[in-house]
Protein chains: 2
Amino acid sequence: MVDKFRITNQREIILEELRAVKTHPTADELFDKVRARLPRVSLATVYRNLEWLCQQGIVQKIEVGGRQKRFDGTANLHYHIRCIGCGRVDDVDMSPVETLDHDLSDKSGYTIMGHRLEFWGTCPACSRSGGS
Amino acid sequence: MVDKFRITNQREIILEELRAVKTHPTADELFDKVRARLPRVSLATVYRNLEWLCQQGIVQKIEVGGRQKRFDGTANLHYHIRCIGCGRVDDVDMSPVETLDHDLSDKSGYTIMGHRLEFWGTCPACSRSGGS
DNA sequence: TTATTTGCAAAAACTTTGCTGATAA
DNA sequence: TTATCAGCAAAGTTTTTGCAAATAA
């Protein structure tokens with residue numbers, strides 16, 4: 001069954017604010033941004049809409065290291081790099097290696113569906129401040 | 001200051017049980033195994049010792065997708081594959097690509113410290129039962 | 001009109017911490 | 001002997017859920 005869905009104000013603004021940043025915010029970081037425009041919005045609404053946007057294939061949840069899940073305003077496959085200093089997550093300028101999944105299928109008993117490549121290190125700002 | 005540390009019964013058994021399996025258990029899965037041998041052990045002790053073992057470089061915490069952290073009884077770099085059906089995590093038979101970190105350093109402003117490659121799919125058992 | 005969505009609060013899921021007694025060395 | 005560690009319970013953090021009111025279509 002296909003959900004009927006509504007374009008609510010909250011839904012639009014959550015997507016706009018997610019796409020307005022490149023740092024792959026956590027739900028509560030996004031909540032703060034959305035709340036600046038919709039003061040009565042709740043964190044549950046942010047979580048619910050992020051989940052819904054993921055299920056529609058409009059955005060993606062990226063499960064990188066660290067405690068909280070982060071969200072990416074695009075749905076295309078690409079890799080990420082995470083700063084262990086401040087936690088920010090940036091896109092990596094590297095083409096996904098599509099052949100990896102197939103190469104591995106030959107060896108493992110798994111049915112491979114995808115992969116994720118994540119780098120970590122210190123971002124320029126954290127390298128300067130903490131790297132003396 | 002270097003910690004003085006003790007080899008407690010709990011610590012030894014937690015490490016033994018972690019190394020006895022290849023599925024990279026969560027803290028509570030490991031807790032069940034340890035409790036079979038030490039009925040009065042607490043989950044907090046499992047968490048504390050896993051954290052301590054990670055800090056000593058004896059084991060590693062692997063932050064793959066899914067809700068809970070998982071633990072690997074070895075400290076060497078290798079890649080993992082996670083079953084989206086049952087959550088188990090297996091090692092991947094693929095040599096780590098050491099050059100990746102250096103290649104990326106040229107492009108990004110980050111100081112790269114490492115990377116993680118994680119595959120996902122369905123394990124043989126879940127492929128059979130759910131794949132019809 | 002009415003089924004979806006929201007806000008609020010409570011619960012759930014996972015992990016960490018404070019404290020006191022136990023214990024390895 | 002004594003500083004580290006364990007067990008227990010409580011708290012902390014992040015995410016999900018139940019429910020009545022609001023609302024998009």
Side-chain angles (χ1 to χ4, degrees), chain A residues 1-18 24-56 58-72 82 87 89, chain B residues 1-18 24-56 58-72 82 86-89:
Chain A
M1 149 188 162
V2 179
D3 274 1
K4 286 185 197 172
F5 63 85
R6 300 176 182 176
I7 307 300
T8 61
N9 214 11
Q10 289 88 336
R11 191 161 283 174
E12 279 187 311
I13 289 176
I14 287 166
L15 181 58
E16 278 179 23
E17 290 299 322
L18 175 57
H24 308 83
T26 60
D28 69 291
E29 285 169 353
L30 195 55
F31 174 55
D32 284 341
K33 293 178 189 301
V34 172
R35 193 160 42 169
R37 296 174 59 184
L38 294 173
R40 300 195 55 78
V41 76
S42 75
L43 182 55
T45 295
V46 173
Y47 271 107
R48 271 191 284 231
N49 277 295
L50 285 171
E51 187 61 38
W52 183 88
L53 289 164
C54 287
Q55 283 172 4
Q56 304 301 312
I58 298 169
V59 307
Q60 60 185 310
K61 194 185 290 182
I62 57 177
E63 311 195 30
V64 294
R67 289 187 165 171
Q68 300 174 71
K69 303 276 183 284
R70 290 180 171 270
F71 295 86
D72 187 321
R82 175 173 55 92
V89 172
Chain B
M1 150 189 162
V2 179
D3 274 1
K4 285 185 199 172
F5 63 85
R6 299 177 183 174
I7 308 299
T8 61
N9 212 13
Q10 289 87 337
R11 191 161 284 174
E12 279 187 311
I13 289 176
I14 287 167
L15 181 57
E16 278 179 23
E17 290 299 323
L18 175 56
H24 308 81
T26 59
D28 68 291
E29 286 169 354
L30 196 54
F31 174 55
D32 284 340
K33 293 177 188 301
V34 171
R35 194 160 41 168
R37 295 174 60 184
L38 295 173
R40 301 193 55 76
V41 77
S42 75
L43 181 56
T45 296
V46 173
Y47 271 108
R48 270 191 285 233
N49 276 295
L50 285 171
E51 187 61 37
W52 183 89
L53 288 163
C54 287
Q55 283 173 2
Q56 305 301 312
I58 297 169
V59 306
Q60 60 186 311
K61 194 184 291 181
I62 57 176
E63 311 195 31
V64 293
R67 289 186 165 169
Q68 299 173 72
K69 302 275 183 285
R70 289 179 172 270
F71 295 87
D72 186 322
R82 175 172 54 92
C86 63
R88 70 176 286 154
V89 173

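In what follows, chains are A, B, ... by sequence order, proteins preceding strands, each numbered from 1.
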* Base, sugar-phosphate, or nothing: which does A:Q10 touch, judged by heavy atoms less than 4.0 Å apart? -> sugar-phosphate

With the criterion being N/O to N/O and under 3.5 Å, what pairs connect the protein with nucleotides 11-13 of chain D, and how long is each?
none

* Asked: When you check the phosphate oxygens OP1 and OP2 of C:dT6, does a side-chain N or O of A:T8 lie under 4.0 Å from one of them?
  -> yes

* Asked: Between D:dC5 and B:T45, is there an OP1 or OP2 to side-chain N/O distance shorter than 4.0 Å?
  -> no

* Structure fact -> B:L18 and B:L30 have their tightest heavy-atom pair at N-CD1, 3.6 Å

* To do: Identify the two heavy atoms, one from A:R70 and one from A:H24, that lie closest to each other, and give their separation to 0.1 Å.
  => NH1-O, 2.9 Å

* Minimum heavy-atom distance B:F71-B:I62, with the two atoms named -> N-CG1, 4.3 Å

* Minimum heavy-atom distance between B:Q60 and B:C54, given as atom pair plus value -> C-SG, 3.9 Å

* D:dA24 phosphate, OP1 or OP2: any side-chain N/O from A:N9 under 4.0 angstrom? -> no

* Asked: In degrees rounded to 10°, what angle is found between the helical axes fit to the five outermost pairs at each end of the helix from C:dT1-D:dA25 to C:dA25-D:dT1?
  -> 40°

* Asked: Within the structure shown, what part of the strands sits under 4.0 Å from B:D28 by heavy-atom distance: base, sugar-phosphate, or nothing?
  -> nothing

* Asked: How close do B:I14 and B:L50 get, heavy atom to heavy atom, and via which atoms?
  -> CG2-CD2, 4.2 Å

* The side chain of A:S42 lies closest to which of these nucleotides: C:dT5, D:dT15, C:dC8? -> C:dC8

* Touch class at under 4.0 angstrom, heavy-atom based, for B:R11 against every strand present -> sugar-phosphate

* A:N49, nearest nucleotide to its side chain (from C:dT6, C:dT17, D:dT17) -> C:dT6

* Asked: Any donor-acceptor pair under 3.5 Å between the side chain of A:R6 and the base of D:dT23?
  -> yes

* Structure fact -> Side-chain contact check for B:F5: nearest option of C:dT15, D:dC5, C:dA25 is D:dC5

* Structure fact -> Side-chain atoms of B:R40 come closest, of D:dG7, D:dT15, D:dA25, to D:dG7

* If you pin A:K69 and B:I14 to their nearest nucleotides in DNA chain D, which one's is more 5'? -> B:I14

